[in-house]
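Take a look at the structure below.
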2 protein chains.
Amino acid sequence: MEEKEDVFRRIRNKSAEMSKAQKKIALFIERYPDTAPFLTAAKLAETAEVGEATVVRFAVFLGYSGYSEMQRSLQERMRERLTTVDRLELSEDVYPEESHVAYEVLNDDLSNLKQTMSMMNASSFAEAVDRITRARRIQVVAFRSSHALGYFLTFYLNLLLQNTQFIANSDTMFERLSTLGREDLVIGIGFPRYTARTVQALSFSRIRNVQTLALTDSNGSPLAREAGTYLVASSRLPSFVDSFTAPLSLINALLTAVGRNSKPKVARRLRDMEQLWDQEGIYFPEP
Amino acid sequence: MEEKEDVFRRIRNKSAEMSKAQKKIALFIERYPDTAPFLTAAKLAETAEVGEATVVRFAVFLGYSGYSEMQRSLQERMRERLTTVDRLELSEDVYPEESHVAYEVLNDDLSNLKQTMSMMNASSFAEAVDRITRARRIQVVAFRSSHALGYFLTFYLNLLLQNTQFIANSDTMFERLSTLGREDLVIGIGFPRYTARTVQALSFSRIRNVQTLALTDSNGSPLAREAGTYLVASSRLPSFVDSFTAPLSLINALLTAVGRNSKPKVARRLRDMEQLWDQEGIYFPEP
DNA sequence: CGTATAATGAAATAAATCATTCATATAGTA
DNA sequence: TACTATATGAATGATTTATTTCATTATACG
């Protein structure tokens, strides 16, 4: 089969010899591949903050006869992407052998997310957000493969509230837990096969009247039994790996909610960070 | 919020009062929803075998100001189709106020996954799996919020291959990278705002003929430019958090593929680990 | 069957969009 | 720093595309 010379490949091949303004255009197209195909040359120029003529020259530079031809190519490519996604729902066998696994797994994670959405308990979620927002100190407990989730949650909670610590190995766990009181919160994260220590952390804290929140995979999980509030996210995959995709998304949701909830305190801090990011970044404004 | 009045709904509502030629147009749009948005009025007229004027009148008949507006509506709809999951459209209203954020975020992560699937490059994926499988030693480089992803990937690669190390702070990075050779692999993970060190790790390694693989958010990412092979996963959220849901799912896919690739070796290893875990009581006993 | 009414499409006109020009700005080099 | 080569964008011209007009054809109805 003929080598596929779509816009994105051409951009990649020629990116070395691009001028400043051309790079702006390239970056925009790459970052917004489903907006670009519909834009007129003028609109694209405006959004990428370059002159209209430069956009046209960019198309020629990539080897097209003009802007129109490049646009058609972008549209063609978008149509292909769409059929790829749609076909997925029909049959998995259509995909080339070498990437079949990828579609399988991503598709299962799609299901995990949908499942999680439909199982979501609104009041538990609200309660979780409330507890996090009010807590004096927060300890996140997550071992082994859940470590990644715990780290992520801790990282962002500290960005928001500056009161969170991460317990990632069990050596000093109980010492640290025993410093907590009833205004503090322990967040335990555990998925099959559940780590015994995480369950212990929750029950230990609950007995001592420390608030507890669990992120786990089902209502029947041992963590759910021990925690004052718990949230559920599916993690099944036809693989030896457990999928933390849905739990991670749930954590995104929690963080976003906490961020919006504690507006006055957090808002300025976030705005400062945004500014910092803007200054340092080479990002395009959203289309 | 205003009821979503897309072209297809309008067509259905008005199909009773359509004339013969209008029915032709409606049928074409419904049958070729991913071609129609790109056609000019003349082309659409030709393909549907009606006059050009009739096409324009059809748009007005549906309540648009003209053909252009209908076309924009079709394009809008097409863009949404690429990311939105139809089945869930209903449930938005079902979500109560207090957990609406959750709905929003999880739904956006669904979009991210879908987007990632549609952008997936099959041959790059296969190449990535191959490089991981063949590598003598693997170094994973991931800083700041990508840390969680890096940790997760390292954790499982070690489970599978026992040859992976994680570079999470930059102090000793170059020392460690300089011990690698052409049979080794560096995996860089970076999302906006990209950490300069991660990019440096990749370019440093590439120059020294060490194999490189990047996980990043778009073709335009600086990591993509530096890496021998790169995989793309969307990470956009309307929040201060970046979403690593799709990247995580991609990592799941990589791990699963690597696991299946090296079956006999891995299977025994996994069995051994299970035994070990059982003996040490790391995991909570299954009920 | 004949007339009134609505629908249709080819062609003319209006609007939008693309491509080119040229004066100015920027980057690279001696 | 001054000079050259290159890149850039506002303005203009060319082309494509949408809309309107109007003569013709199809349809409904007494």
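All values below come from the heavy atoms of this structure, side chains included, with hydrogens, waters and symmetry mates left out. All chains are named by letter (A, B, ...) in the order of the sequence lines, taking the proteins before the strands, and each is independently numbered beginning at 1. Everything quoted here is computed from the prediction, not taken from an experiment.
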Self-check item: Distance in angstrom units between M18(A) CE and dA27(C) P, rounded
Solution: 18 Å

Self-check item: Sugar-phosphate only, base, or nothing, as touched by A53(B) at under 4.0 Å among non-hydrogen atoms
Solution: base

Practice problem: May I have the distance from E52(A) (atom CD) to dT21(C) (atom P), rounded to whole angstrom? | Solution: 15 Å

Quiz item: Are OP1 or OP2 of dT17(C) and a side-chain N or O of S68(A) less than 4.0 angstrom apart?
Solution: no

Self-check item: Separation of dT16(D) P from R72(A) CZ (nearest whole Å)
Solution: 11 Å

Quiz item: Parallel, tilted or perpendicular: which fits the ring planes of H147(B) and Y151(B), with parallel below 30° and perpendicular above 60°?
Solution: parallel

Quiz prompt | Of Q71(A) and A21(B), the one whose closest DNA chain C nucleotide lies more 5' | solution = A21(B)

Quiz item: Does T40(A) or R57(A) map to a spot on DNA chain C nearer the 5' end, using the closest nucleotide for each?
Solution: T40(A)

Self-check item: Electrostatic pair R134(B):D130(B) at N-O distance under 4.0 angstrom
Solution: yes

Quiz item: Within the structure, does a side-chain N or O atom of T54(A) lie under 4.0 Å from either OP1 or OP2 of dT8(D)?
Solution: no

Exercise. For E69(B) and dA16(C), give me the distance from atom CD to atom P, rounded to whole Å.
Key: 13 Å

Practice problem: For the residue pair Q115(B) and S111(B), confirm or rule out a side-chain donor-acceptor distance under 3.5 Å. | Solution: no

Quiz item: Is any side-chain nitrogen or oxygen of S19(A) closer than 4.0 Å to OP1 or OP2 of dA27(C)?
Solution: no

Quiz item: Nearest of dT8(D), dT17(C), dT20(D) to any side-chain atom of V56(B)?
Solution: dT20(D)

Quiz item: Taking NZ from K24(A) and P from dT26(C), how many angstroms apart are they, rounded to a whole number?
Solution: 12 Å

Quiz item: How would you label the contact of V55(B) with the nucleic acid (heavy atoms, under 4.0 Å): base, sugar-phosphate, or nothing?
Solution: nothing

Quiz item: How many Å lie between CD on E17(A) and P on dT6(D), as a whole number?
Solution: 14 Å

Quiz item: Is any side-chain N or O of K20(B) closer than 4.0 Å to OP1 or OP2 of dA26(D)?
Solution: no

Exercise. Please check if any side-chain donor atom of N219(B) sits under 3.5 Å from a side-chain acceptor atom of Y230(B), or the reverse.
Key: yes

Exercise. Whole angstrom is fine here: how far is it from CD in E46(B) over to P in dG9(C)?
Key: 13 Å

Practice problem: Report yes or no: do T245(A) and N112(A) form a side-chain donor-acceptor pair below 3.5 Å? | Solution: no

Quiz item: Rounding to a whole Å, what distance do you find between K23(A):NZ and dT6(D):C1'?
Solution: 15 Å

